[in-house]
Each structure stands twice: as structure tokens, then as C-alpha cells.
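What you are looking at is a predicted structure, and each value in this text was computed from that prediction instead of being measured.
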Amino acid sequence: MRSTKTRARGRWSALAGLGAAAALVLTACAPPGAAPDDEGGGGGEAGGTLKVGYISPITGNFAIAGQEMVDGWNLYWEINGDEVNGVTVETIVEDDAGNPETSLTKAKKLVELDEVDVVVGPLLANTALATAAYTSSVGIPNLHPVAAADDLTQRQANDLTVRTGSMSGSQMNYPGGKWAAEQGHKTAVTLCPDYAFGWESCAGFKQGFEEEGGEVVAQYWFPNGTSDFSTYVSQIQSANADLAFVGTAGGAPGPDFLKSYLGLGLGESQPLLMNCCGMDQATLRALGSEIVGFNSVSWWAEGRDSDTVREFSEAYAENFEGKIPSANVAGGYMTASVVARVLEENGLVTGADLVSAISSTTFDDSIFGEVSYDEYNNFVGPVYVREVQEVDGKFLNVPIETYENVDQWLGKDPDEVLAQPTYSQSFQGE
């Protein structure tokens with residue numbers, strides 16, 4: 001696996017079973033950056049270096065998304081410099097190829113050999129959960145720019161893990177269900193990938209839709225690696241629902257689904273709402289004018305009318321051959337922005353002090369809009385219903401509806417959500 005090195009520029013009580021993991025931190029053999037005592041971390045030091053270990057799949061099936069996540073992080077430091085308030089940010093990038101065992105191996109290498117102060121990433125849900133369990137056990141903060149697994153900040157939450165640049169799978173799609181019902185749709189059919197992110201995505205949509213009086217009449221699931229969606233499109237057509245909600249995890253499935261959808265003539269007859277990743281920039285680059293007017297739901301909207309978004313997009317285009325930033329790029333950039341804000345306000349902070357400072361940070365207008373973090377260290381902010389539009393010759397997801405301050409609890413009490421089973425084909429919420 002490839003390793004590269006760049007000089008890049010507590011508040012809540014853990015669940016009983018999770019507190020035990022944090023208690024594994026040992027004062028005698030804790031790695032540098034770990035808590036020397038029960039207080040955890042170090043804070044307020046002038047100067048010094050914050051050593052960051054960055055894990056992402058930069059080879060393998062998820063290489064494009066993984067490299068984009070790294071690019072977003074590096075872009076921030078290239079624009080703003082690698083020193084904040086006298087603190088130098090040093091980044092070591094490790095490739096996990098999207099494999100949980102490799103991700104864990106790389107996390108241990110970064111902590112035990114490279115002696116990093118914080119681990120950022122990885123990208124995928126299963127790799128993120130494995131890494132977070134390890135880093136919390138040795139007292140090292142773990143920041144997640146993209147990983148959307150609900151349980152990262154729910155059932156497997158810990159007080160050293162923060163979702164810094166994205167939302168959970170159910171959280172980001174819940175407003176999409178509400179919007180669909182508010183548009184007058186009475187019935188819906190869903191199609192999502194057959195693993196945790198897909199189950200969570202469809203569950204979020206379903207609960208939002210049904211809360212507003214809609215009915216999900218059928219749910220279909222496709223395995224990862226699916227490229228021919230014609231059978232699934234036929235099932236959607238046969239369901240005869242007012243609306244189809246379709247989620248993917250990014251990459252080829254978005255364009256592949258839409259090619260089948262358009263090829264079977266549903267473009268004019270079957271209203272469609274897609275999730276963040278199904279209608280991300282990879283899809284817009286592939287299909288462009290064919291999908292102008294199509295809708296999706298996401299916490300990221302590159303077509304939002306905001307100086308912050310424009311400046312970020314212009315900087316990314318300048319550094320990456322005119323490309324438009326995806327949600328993966330935005331997640332990496334946002335995570336760097338949060339770290340920089342903390343260093344500017346606090347100097348060099350590590351361990352639990354770093355996490356506490358991050359989770360107390362708010363942005364009035366980040367690249368995602370107004371953002372804060374909840375008591376479980378999860379991202380809280382706006383969710384946008386978007387429409388593909390051609391703007392100055394570029395295809396962008398432009399917000400047509402905004403739901404502010406969306407949290408991860410889908411309108412319920414946290415204790416009620418945590419008492420539920422995890423989402424699956426058979427459990428899509430109550």
C-alpha cells in the first residue's frame with residue numbers, strides 16, 4: 001500500500017459499553033498525543049507541530065472518492081499555508097484501499113510508529129468504525145470527513161470521534177422524504193445498495209416521507225458492484241409509485257442507474273429523487289445535459305449562492321484542471337477548516353482537548369452553510385434539495401429547498417433512536 005508524507009497546511013457521557021473502550025488508555029504506555037491522565041490531551045501550547053495521520057482509499061474500487069477526500073484536505077493548507085497560530089500542520093497519508101483490516105493496520109502504524117496526534121478518515125463505513133474503535137482505545141482523536149455510518153456517532157459513538165465533514169446516512173436523506181411528501185407525492189418506491197449505508201439512506205427517506213403522510217409501497221436493494229440496473233428500473237416502473245427514491249454510494253452506480261432509467265424511457269414518466277452520491281459531480285460529468293432538472297438531496301450543494309462556496313470552488317478548479325468539487329472534496333476541506341479554526345483559537349491542542357474544541361466550534365457560513373456539532377460529536381447543519389442546472393456552461397446541483405439545522409435523530413428523542421435496532425432490510429424505522 002502506498003504511503004506519502006506531506007507538510008500540508010467533551011462534553012457528553014459515553015454509553016456504558018463505549019466508556020469501557022476509552023478506559024483502555026494506559027498512562028505508562030500511551031502513545032504520544034494520548035492523555036497522560038484522566039483529563040486527556042494537551043492544550044494551549046504556543047508553537048509546535050500537530051501531526052496528522054490521514055487514511056483514505058487512494059487505490060482500489062474507491063480510489064477516486066478517496067483521493068478527492070485527500071485533495072480537499074490538502075487544498076485548504078495549500079491555500080492558507082501550513083502554519084496556524086504558530087502551529088505547523090504535518091500530514092502523513094496512508095492508503096487503506098477500502099479494506100477494514102488494512103485500515104486498522106495503517107491506523108496502528110500511524111499511532112504507534114509515526115506518533116501522530118490525530119487520525120483523519122478513513123472514508124468507508126466499515127473502515128471508519130474499525131478505526132474509530134482502535135483510536136479511541138489508545139486515546140487518539142479520530143476525525144471523519146466523509147464516513148456516513150449512523151453508528152459512528154450513535155451506538156458505537158465515543159468521546160474521541162467526531163464526524164467533521166458530512167452527515168449520517170439516515171440524517172442526510174430524512175429531509176428528502178419530507179420534501180417529497182410536501183410536493184404532493186402520496187406513494188414512493190425506494191432503491192438503495194444492500195449494506196449499512198444503503199439501509200440507512202432508505203430508512204431516512206422512508207421515515208421523512210411517512211411522517212408527512214406518504215406511503216412507501218416497495219423497497220428494493222442492489223448489491224455493491226451492480227452495473228446493469230435495468231431489472232431494478234423495471235421493478236420501479238412496475239411499482240407504479242408517485243416517486244422513486246434512489247440512493248448509491250457514489251462512483252459508477254449513479255450514472256449506471258440513470259443510463260438504465262433514461263434508456264427505458266422513465267425520464268418523462270417517473271418522478272425521481274436521488275441521494276447525495278447518486279447525483280454527485282461524477283454523475284453530472286458523465287451525463288450533463290441529459291439530467292438537467294433532476295432532483296437530489298444532500299448536505300453539500302456546489303451550486304449554492306454563497307461567497308464561501310464560490311471561493312472554495314474557484315480554488316479547487318484552479319488546482320484541479322477546472323473540475324467542480326464533489327462532496328468528498330468538500331468533506332476533506334471542511335475538516336481542515338475546523339482544525340485550523342481550533343488551532344487559531346487555542347494554539348496546539350491534542351487528545352480530548354482537541355475533540356472538545358472541535359465539537360464546540362460553529363460556522364455561520366461554512367462551505368456547507370451554518371454548521372455546529374451535537375453532544376454525540378455529529379455534524380448538524382442544512383440539508384438541500386437540489387436541482388441539476390447548467391450555470392455558465394457548468395452543470396451544478398443548485399438548492400431549491402433548504403432544511404436548516406438537521407440533526408441525526410430524525411425528529412425523535414436520542415434515547416428512543418439508540419434503543420432501536422440498527423437499520424437493515426427488515427427494519428427501516430418506526
Side-chain angles (χ1 to χ4, degrees), residues 125 148-150 167-226 228-251 253-262 264 266-267 269-280 283 291 294-299 383 385-386 401 403 406 410-411 420-430:
D150 280 22
M167 291 184 169
S168 69
S170 59
Q171 176 187 8
M172 66 177 74
N173 291 294
Y174 173 72
K178 297 179 77 67
W179 176 82
E182 289 164 359
Q183 300 311 297
H185 299 299
K186 302 299 183 185
T187 59
V189 56
T190 69
L191 173 67
C192 285
D194 194 11
Y195 77 112
F197 175 68
W199 303 329
E200 292 165 359
S201 297
C202 272
F205 171 85
K206 183 175 185 289
Q207 290 178 63
F209 188 64
E210 292 183 342
E211 279 184 16
E212 298 299 324
E215 178 187 2
V216 173
V217 296
Q219 293 194 279
Y220 303 113
W221 313 95
F222 64 89
N224 281 330
T226 297
D228 182 358
F229 283 86
S230 56
T231 298
Y232 299 102
V233 172
S234 295
Q235 289 176 314
I236 288 172
Q237 188 174 27
S238 298
N240 198 31
D242 295 341
L243 177 86
F245 171 75
V246 177
T248 79
D256 286 346
F257 167 79
L258 284 163
K259 288 173 184 176
S260 294
Y261 173 86
L262 293 169
L264 291 178
L266 270 68
S269 60
Q270 174 65 71
L272 174 69
L273 178 69
M274 296 192 74
N275 75 336
C276 60
C277 317
M279 200 64 78
D280 205 356
T283 301
I291 54 172
F294 280 43
N295 296 126
S296 59
V297 57
S298 179
W299 76 102
V383 170
V385 176
R386 315 176 302 182
E401 187 78 46
Y403 293 81
V406 178
L410 313 190
Q420 293 180 162
T422 55
Y423 295 124
S424 64
Q425 283 194 26
S426 59
F427 181 75
Q428 288 282 283
E430 297 172 344

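Between the side chain of N295 and the backbone N or O of R386 there is at least one donor-acceptor pair closer than 3.5 Å. Proximity of a side-chain donor or acceptor of D242 to a complementary backbone N or O of K186 within less than 3.5 Å is detected. Listed for the D256 side chain is no donor-acceptor partner under 3.5 Å among the backbone atoms of D228. Within the 3.5 Å criterion, the main-chain N or O of V406 finds a donor-acceptor partner in the side chain of Q171. For N224 (side chain) and D194 (main-chain N/O), no donor-acceptor pair under 3.5 Å exists by modelled atom type. Remark: the backbone N or O of D150 is paired with a side-chain donor or acceptor of E200 at under 3.5 angstrom. At least one donor-acceptor pair closer than 3.5 Å links the side chain of T283 to the backbone N or O of G278. Here the side chain of Q425 pairs no donor or acceptor atom with the backbone of W199 at under 3.5 angstrom.
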One pair to check against side chain to side chain contact (heavy atoms under 4.5 Å, CB included): L191 and Q235. What are the steps and the verdict? CA-CA 10 Å; L191 173 67; Q235 289 176 314; 5.9 Å; no
Verdict with reasoning, F257 to I236, per side chain to side chain contact (heavy atoms under 4.5 Å, CB included): CA-CA 12 Å; F257 167 79; I236 288 172; 4.0 Å; yes
Dump the intermediate steps for side chain to side chain contact (heavy atoms under 4.5 Å, CB included) on N275 and F197, then the final yes or no. CA-CA 11 Å; N275 75 336; F197 175 68; 3.9 Å; yes
Could you go through V385 and Y403, starting from their C-alpha distance and side-chain angles, then the distance that decides it, and tell me whether this counts as side chain to side chain contact (heavy atoms under 4.5 Å, CB included)? CA-CA 8 Å; V385 176; Y403 293 81; 4.1 Å; yes
Between E210 and K206, is the salt bridge (Lys or Arg N to Asp or Glu O under 4.0 Å) condition met? List the steps. CA-CA 6 Å; E210 292 183 342; K206 183 175 185 289; 3.1 Å; yes
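Screening Q207, E212, Q183 against K178 for a side chain to side chain donor-acceptor pair (under 3.5 Å) leaves a single residue, E212.
How far OH of Y423 is from OG of S168: 8.5 Å, rounded to the nearest 0.5 Å. The CZ atom of F209 sits 6.0 Å away from atom OG1 of T187, with the distance rounded to the nearest 0.5 Å. Atoms OG and CD, from S269 and Q237 in turn, are 6.0 Å apart once rounded to the nearest 0.5 Å. A distance of 6.0 Å separates CZ in F222 from OG1 in T248, rounded to the nearest 0.5 Å. Rounding to the nearest 0.5 Å places CE of M274 at 9.5 Å from CZ of F294. Distance CG/L272 to OG/S296: 9.5 Å, rounded to 0.5 Å.
The nearest pair of heavy atoms linking V217 to A241 is CG2-CB, 4.0 Å. The two residues L243 and L273 make their nearest non-hydrogen contact at CD1-N, 4.1 Å. Smallest separation of non-hydrogen atoms from Q428 and A203: OE1-N, 3.1 Å. Across all non-hydrogen atoms, the minimal contact from S260 to V233 is CB-CG2, 3.8 Å. When all heavy atoms of A249 and C277 are compared, the closest pair comes out as C-CB, 3.6 Å.
Counting only heavy atoms from C-beta outward, the side chains of T226 and P223 approach each other to under 4.5 Å. No side-chain heavy atom of W221 sits under 4.5 Å from any side-chain heavy atom of P193. Side chains of F229 and P253 form a contact here, defined as non-hydrogen atoms less than 4.5 Å apart.
Among residues two or more places apart in sequence or in another chain, the salt bridge (charged side-chain N to carboxylate O under 4.0 Å, His left out) test is passed with E215 by none.
F205 and F245 have parallel rings, their planes meeting at less than 30° on a 0 to 90° scale where 60° marks the start of perpendicular.
Y232 has its ring centre no less than 6.0 Å from the ring centre of Y220.
Inspection of the Y261 and Q270 side chains reveals no N or O donor paired with an N or O acceptor under 3.5 Å.
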